[in-house]
*Asks:* 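Pasting in a structure now, in structure tokens, and then I'll have a few things to ask.
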Number of protein chains: 2
Amino acid sequence: MPTIRDVARLAGVSPATASLALRARPGVRALTRKLVEDVATELRYVPNLTGRRLARGRADALGVIQGLNMTTLFSDAFYRLVLSGVGEAVHASDYSLVIAPALRPGVGVDHLMRFVGPGTVDGVLIVGVLDPEWVLAILERGLTVVVVDNHLPGTKVPAVVHDYRGGARLVTEHLLALGHRRVGLVGADVAYPFGWETQDGYRDALAARGLDCDPALVRLTAIGVDAAAAATHGLLDLPDPPTAVVTVTDMMAIGALRAVRERGLRVPEDLAVAGMDDVEISAHTDPPLTTLRVPKEEMGRLAAERLMALSRGESPVPRIAELSGTLIVRKSCGAAGSDPAPEGRATSLGYA
Amino acid sequence: MPTIRDVARLAGVSPATASLALRARPGVRALTRKLVEDVATELRYVPNLTGRRLARGRADALGVIQGLNMTTLFSDAFYRLVLSGVGEAVHASDYSLVIAPALRPGVGVDHLMRFVGPGTVDGVLIVGVLDPEWVLAILERGLTVVVVDNHLPGTKVPAVVHDYRGGARLVTEHLLALGHRRVGLVGADVAYPFGWETQDGYRDALAARGLDCDPALVRLTAIGVDAAAAATHGLLDLPDPPTAVVTVTDMMAIGALRAVRERGLRVPEDLAVAGMDDVEISAHTDPPLTTLRVPKEEMGRLAAERLMALSRGESPVPRIAELSGTLIVRKSCGAAGSDPAPEGRATSLGYA
DNA sequence: AGCGGAACCTAAAACGTTTTAGATTCGCCC
DNA sequence: GGGCGAATCTAAAACGTTTTAGGTTCCGCT
């Protein structure tokens, strides 16, 4: 591999000049720069990022650590869209993106640091839920941290979160506005903010209408298709079953859809189903899901931008950025619902 | 940040010894090693990967370049599972994983090299379809390359591919074995191997039964839910419509499902639908999809392992590794079909 | 006591870049 | 032609690590 010294030698200048020239920095004559550039392309010179990082004392790279509340960052329908936003923002700023290993029993913070330690990376994005102790340990290793889709109350760790409470309220209100009076909740039985915020939002909506919350109508369950299907069956087994159900995840809504189907009932006639997230498949279920569109890519983008700013010494305010979702009305609740535009722009490119 | 010199100084040894000790290399007394280790943990020393990379002349890192036949690596239902396998293999070998920017009009090979150039990365994995010229240009920059889910005929570029021809044949044969005689194909209208291999497999199956291939029954279309739905409608509009259809992607099968629904018909009674890929959602459609399980994670894993081997100077044979999928029988073709085990192992971890 | 060799340790160079401080050249004006 | 300042260039140090070649210490043996 040619180095900058090779380029410099062939161009008849010093490495310092070559460096300046190739980065179009002032202080080098246009003629010289052209010369250096020509030699560089001739040699197919590619600057060695590692050398540059060492010299500059910064990596211009961000690490991503995946939380515990997902199977794998790549296989999670929700988080991969967050990651997509991260990638966009990171690359737009000419930063690199490095992915830390998936968390598993046996990997500790020090193991993580072998991949995304200081020097390798200017900071890390923690996507989803991570044990607060771990986050502290990461901070202690001298890394800048931003957390996405979770936050650590009582700490100063910057975060980008979604307003799940307001979102759940919005969805529930939609159902109430449609005339439903017995609305069930298939919630998440997890010990982090998402779990209780969605419940609170659901209750907020009921309270705003002066309705009591029937405890029999709220089922907390594991996040997953099967668990949600079971919970929905439970709801439908009730002597006085709900006419609508809010599910805190679209994959869980798919479970609810299945449960209704298994009983030979119909959505939305017999049970209206609303989800949250708006993942790709949500537009293609039968019937298409009415749901809350959580700005997943936007969250990732914002988090990455904040982390990069932080690593440059700026301090974005507020410390916690909260985004809100929008209601997407499709068919699963019976409301009219024109077909909403799909999320994001498709980047379709031809081949050859 | 403490450096190895700090550790060495406090431990009263030279940096060289500290380096040896921390990596548990021979030539240092157990007592000394313990001492150095203690100082290191005391100082929360984390070795600087950048320094190490420069010194060793290798990055112990792999880059991933995403092909043109996907919106974004992260948002593609199929490829993100490939990526998952890549991550697993890479991290199991203590390599780092860096993701190159998504391809868009305007980014060239040189732009890519700013993120995954030689020195930053020991090699790159090209996931999916990339213009052969680009691959050549990457090779010219001195990078080791392995291609996954595509291959470059006429070149020496190592690849890991799936036997789409055999897979399509398997699926079609399943339908034929079920007694269907008019089987349609909703194929991919793309100019890379996947497109024609699936068609060939479909024809192979027909030919093996001595059946003619009715050209009216094969529809080549864009890869996507809507296009597939339209193609299915086209098939059903035929005076002599098929009783079964093979769709070369599960997302396309979902489009077919929708088309059938839109006509008030039923799957599988009025039209049997079979897909290919087996992505997460395929088990949760109505009815659940009979499909070909392409070993996506395995492909990623294998490709990563080959790339790492290559970067260490080994040359795995054969140059092109071909994996085969397995038929997953669910309900969408009417066959009995016990519920097959889900793919992969769930890595469920508690919180705090 | 002297020798040989193993075991342990270290100095210094090397990796490829950027940056800093200083040197040289050039053009211009008096 | 001399002097000045700006423009252009360069030498050398620095970043944090590993490796190589060599140095020292220590032990056991004769």
Side-chain angles (χ1 to χ4, degrees), chain A residues 1-37 39-40 43-61 94 96 113-114 117-122 141-142, chain B residues 1-37 39-40 43-61 94 96 113-114 117-122 141-142:
Chain A
M1 291 290 87
T3 75
I4 204 171
R5 318 194 84 90
D6 298 323
V7 175
R9 192 160 27 77
L10 262 72
V13 299
S14 75
T17 304
S19 173
L20 262 11
L22 289 174
R23 284 172 303 143
R25 300 292 269 262
V28 26
R29 226 176 354 158
L31 189 75
T32 315
R33 185 166 69 219
K34 178 83 170 65
L35 178 60
V36 173
E37 280 168 349
V39 173
L43 253 41
R44 294 191 208 294
Y45 167 75
V46 175
N48 183 316
L49 261 198
T50 301
R52 171 177 299 178
R53 283 183 176 140
L54 202 51
R56 309 202 40 200
R58 33 180 280 203
D60 282 352
D94 266 6
S96 292
M113 293 301 107
R114 291 160 65 167
T120 312
V121 124
D122 298 319
R141 303 292 190 287
Chain B
M1 289 292 87
T3 75
I4 205 170
R5 317 192 85 90
D6 298 321
V7 174
R9 192 160 27 77
L10 260 76
V13 299
S14 75
T17 304
S19 174
L20 262 11
L22 289 175
R23 285 173 301 142
R25 300 292 270 260
V28 27
R29 226 179 351 163
L31 190 76
T32 315
R33 185 166 69 218
K34 178 83 171 64
L35 178 61
V36 173
E37 281 168 350
V39 173
L43 252 41
R44 294 193 209 293
Y45 167 74
V46 176
N48 184 315
L49 261 198
T50 302
R52 173 177 298 179
R53 284 183 175 138
L54 201 52
R56 307 201 40 199
R58 35 182 278 203
D60 281 351
D94 267 5
S96 292
M113 292 300 107
R114 292 161 63 168
T120 312
V121 125
D122 298 319
R141 302 293 188 288

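Proteins come first, then strands; the chains are lettered A, B, ... in the order of their sequence lines, and each starts at number 1.
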*Asks:* Quick check on C:dT18: is either OP1 or OP2 less than 4.0 Å from any side-chain nitrogen or oxygen of A:R52?
*Replies:*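 Affirmative; the distance criterion is met.
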*Asks:* Could you give the CD1-to-C1' distance, from A:I4 to C:dG16, as a whole number of Å?
*Replies:*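 So the two atoms are 8 Å apart, to the nearest Å.
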*Asks:* So A:T3, base contact, sugar-phosphate only, or nothing? Heavy-atom distance under 4.0 Å.
*Replies:*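 The residue A:T3 makes sugar-phosphate contact but no base contact.
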*Asks:* Counting just side-chain N and O atoms, does A:S19 come under 4.0 Å of either OP1 or OP2 of C:dT19?
*Replies:*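 So the side-chain polar atoms of A:S19 never come under 4.0 Å of the phosphate oxygens OP1 or OP2 of C:dT19.
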*Asks:* If the test is side chain to side chain contact (heavy atoms under 4.5 Å, CB included), which one of A:T50, A:N48, A:L54 qualifies with B:R53?
*Replies:*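 So, applying the side chain to side chain contact (heavy atoms under 4.5 Å, CB included) to B:R53 and each of A:T50, A:N48, A:L54, only A:T50 qualifies.
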*Asks:* Taking any heavy-atom pair under 4.0 Å as a contact, classify A:R5: base, sugar-phosphate, or nothing.
*Replies:*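 Contact class for A:R5: base.
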*Asks:* Sequence neighbours excluded, which residues qualify as side chain to side chain donor-acceptor pair (under 3.5 Å) partners of B:R114?
*Replies:*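 Only A:D94 meet the side chain to side chain donor-acceptor pair (under 3.5 Å) criterion with B:R114.
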*Asks:* To the nearest 0.5 Å, what is the distance between CZ (B:R5) and OG (B:S14)?
*Replies:*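 Separation between the atoms: 9.5 Å.
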*Asks:* In whole angstrom, give the distance that lies between atom CZ of A:R29 and atom P of D:dT10.
*Replies:*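 These atoms are roughly 10 Å apart.
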*Asks:* Specify the separation, in whole Å, of atom CZ of B:R56 and atom C1' of C:dA14.
*Replies:*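 It is 14 Å, rounded to the nearest whole Å.
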*Asks:* Does A:S14 place a side-chain N or O at less than 4.0 Å from the phosphate oxygens OP1/OP2 of D:dA11?
*Replies:*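 No.
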*Asks:* CG of B:L20 versus P of C:dA7: gap in Å, rounded?
*Replies:*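 Between P of C:dA7 and CG of B:L20: 15 Å.
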*Asks:* Rounded at 0.5 Å granularity, tell me how far CD in B:E37 sits from OG1 in B:T32.
*Replies:*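 That separation rounds to 10.5 Å.
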*Asks:* Could you give the CG-to-C1' distance, from B:N48 to D:dT17, as a whole number of Å?
*Replies:*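 Going from B:N48 (CG) to D:dT17 (C1'), I get 8 Å.
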*Asks:* Pick the nucleotide of DNA chain C nearest each of A:G51 and B:V28; which residue has the one closer to the 5' end?
*Replies:*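 Result: B:V28.
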*Asks:* Can you figure out which of D:dG16, C:dC8, D:dC9 approaches the side chain of A:L54 most closely?
*Replies:*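 The nucleotide sitting nearest to the side chain is D:dG16.
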*Asks:* Using whole Å, report how far CZ of A:R25 lies from P of D:dT8.
*Replies:*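 Taking atom P of D:dT8 as the reference, CZ of A:R25 is at 16 Å.
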*Asks:* In whole Å, I'd like the distance from the CZ atom of B:R23 to the C1' atom of D:dT19.
*Replies:*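 Checked: the CZ to C1' distance equals 9 Å.
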*Asks:* With sequence neighbours excluded, what pairs up with A:R44 under the salt bridge (charged side-chain N to carboxylate O under 4.0 Å, His left out) test?
*Replies:*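 Listed in chain order: B:E140.
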*Asks:* Mind calculating the distance between CZ (B:R58) and C1' (D:dT19) to the nearest angstrom?
*Replies:*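 One finds 14 Å between C1' of D:dT19 and CZ of B:R58, rounded.
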*Asks:* Name the nucleic acid region contacted by A:T50, choosing base, sugar-phosphate or nothing; use a 4.0 angstrom heavy-atom cut-off, strictly under.
*Replies:*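 Answer is nothing: A:T50 stays at 4.0 Å or more from every strand.
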